[in-house]
Amino acid sequence: MLDGMWPALKRLWFARRDARDARAFVHERVSAAMLTHNPQHTVYVRAYYRYCVALFREALQRRPQALHLLFGDYPPGDCALPLRCIAFQIEHTLVKPGGGDSEGSPVSQTPLPGAEGHYLARLLHRATLAAADLVIDYSHINRDHLRAAGGFEDVLGHTIVIAPMLHARCFDRDGRDQPVLTLFSDAGKGRRGRFLSEAMSRKLPIRNLKRCFDRAALQAQYRRTRVLVNLRRSDHHDTIEELRILPALLSGLVVVSEDGPLHDTLPYARFIVWARYDDLIERTAELLRDYDRWHTRIFGDPELPRVLDALNAANHAAIDATLASWANASH
């Protein structure tokens, strides 16, 4: 009976979601342009989505351009301006063989850790991404992985990477009364559940905060916290979670992250503490015991502000270059 009801329930859910999205749409005039976007975009990536919209808004205020920009896979509405559709690639592309939704994915050039063979290069929603005028990815690792794998020119030819610089920079050490934070919505399940159970049994002073996606609320929590622990949900999907670790670094947390492939390509890799899954608890305990030294080592390094400034500049340059290419194409 439940199997028969499931398609109907899914249709009802999507209908309610579509009605909610229709109410949330904004058709926003920005100088000569129109921006169509959804401030209630998918909650897991809503802050990043809004950040990308804001970058385009700022660029068009500096250099007006007569365009209609549509952010996401939404109906554009009525507008006479030239339309440019902007899609978001927010999925893991580094997937081990057997990982979910990986059937038919080609083998990549990235070797598996500690084993023979290579990762798969998984690209979900490829047709939608290929049809867009622009694809935005949060991860240089995703793009570099697909580029090395080959065969993805239909998407990579119009893909840019926008680093998730979501929070204002705050490296202050004072007022951080929360020792260790995790952000797991599935705290009682799988490898994350095992980690938390073991951490608590070993008296690690850890707090898990579920479903906190509001940008201001999360930033306030970050500014009270010393250490963030990041580990992946799945044993198979291995793109490093830059959407979590970069905003935390910006907010002055010492970030302990499960290691992942290609992490050395991240411009800020040296400012993250990398550890194998089995070593995360002991590594976190070590950091807490010597927190002041670690905080000074990371946030007292004059190279860190330069790296973050370069990322911010690269984000703006990518948007400016995209708009310039569209202006040239219309002439």
Side-chain angles (χ1 to χ4, degrees), residues 11-91 123-139 142-143 146 152-166 213-215 243 312-331:
R11 287 194 297 271
L12 177 61
W13 185 86
F14 280 116
R16 293 183 65 181
R17 185 202 65 177
D18 292 344
R20 178 203 66 200
D21 287 345
R23 293 193 298 270
F25 280 148
V26 173
H27 302 287
E28 176 186 357
R29 272 285 179 185
V30 178
S31 189
M34 178 73 77
L35 309 187
T36 295
H37 57 99
N38 180 7
Q40 300 306 313
H41 187 72
T42 306
V43 67
Y44 302 103
V45 292
R46 185 177 296 163
Y48 181 68
Y49 175 93
R50 290 177 174 178
Y51 170 71
C52 293
V53 172
L55 288 178
F56 273 95
R57 183 186 296 115
E58 293 165 11
L60 289 165
Q61 287 169 341
R62 292 195 311 270
R63 297 180 182 177
Q65 196 167 332
L67 285 174
H68 179 198
L69 303 187
L70 172 64
F71 294 87
D73 189 17
Y74 297 119
D78 296 325
C79 182
L81 295 172
L83 177 65
R84 298 292 183 269
C85 298
I86 300 171
F88 291 82
Q89 199 306 108
I90 47 85
E91 303 288 348
L123 185 61
L124 298 183
H125 317 299
R126 183 167 180 168
T128 298
L129 299 176
D133 296 290
L134 179 71
V135 176
I136 296 177
D137 200 312
Y138 69 94
S139 170
N142 272 337
R143 185 186 61 181
L146 294 177
F152 292 94
E153 291 76 12
D154 57 329
V155 173
L156 294 180
H158 53 277
T159 293
I160 62 174
V161 176
I162 299 297
M165 308 286 286
L166 305 185
F213 301 109
D214 179 78
R215 184 175 174 178
L243 286 171
N312 186 58
N315 284 353
H316 287 278
I319 300 296
D320 289 343
T322 297
L323 291 172
S325 71
W326 288 341
N328 293 335
S330 65
H331 292 155

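Taken to the nearest 0.5 Å, the CZ atom of Arg29 stands 11.5 Å off from the CG atom of Leu60. Atom CZ of Arg126 and atom CZ of Phe152 lie 5.0 Å apart (nearest 0.5 Å). Atom-to-atom distance recorded for Thr128:OG1 and Gln89:CD is 11.5 Å, nearest 0.5 angstrom. Interatomic distance, CG of Leu156 versus CG of Asn142, reported as 10.0 Å (0.5 Å rounding). To the nearest 0.5 Å, atoms OH (Tyr49) and CD1 (Ile90) are separated by 13.0 Å. Taken to the nearest 0.5 Å, the CG atom of Leu70 stands 12.0 Å off from the CG atom of Leu134.
Nearest heavy atom pair, residue Leu69 against residue Trp326, reads CD2-CZ3, 3.6 Å. For Ile160 against Ile319, the heavy-atom pair with the smallest separation is CD1-CD1, 4.2 Å. Shortest non-hydrogen contact noted between Ser31 and Pro64 is OG-CB, 3.1 Å. What you find for His27 and Thr36 is that their closest heavy atoms are ND1-OG1, 2.9 Å. Between Leu81 and Ala32, the shortest heavy-atom distance links the atoms CD1-O, 3.5 Å. Scanning both residues, Ala87 and Leu129, for their nearest heavy atoms gives CB-CD2, 3.9 Å.
Residue Asp73 places its CG atom among 12 or fewer non-hydrogen atoms of other residues, nucleotides or ligands, all under 6.0 Å distant.
Put simply, the residue from Tyr138, Phe71, Phe88 that forms a side-chain contact (heavy atoms from CB on, under 4.5 Å) with Cys52 is Phe88.
At a threshold of 4.5 Å between non-hydrogen side-chain atoms, the residues Leu67 and Phe56 do not count as touching. Side-chain contact between Ile162 and Tyr48 is present, with heavy atoms from C-beta onward closer than 4.5 Å.
A donor-acceptor contact shorter than 3.5 Å links the side chain of Asp133 to the backbone of Cys85.
Residue pairs meeting the salt bridge (Lys or Arg N to Asp or Glu O under 4.0 Å) criterion with at least one member in residues 51-64, sequence neighbours excluded, are Glu28-Arg57, Arg62-Asp320.
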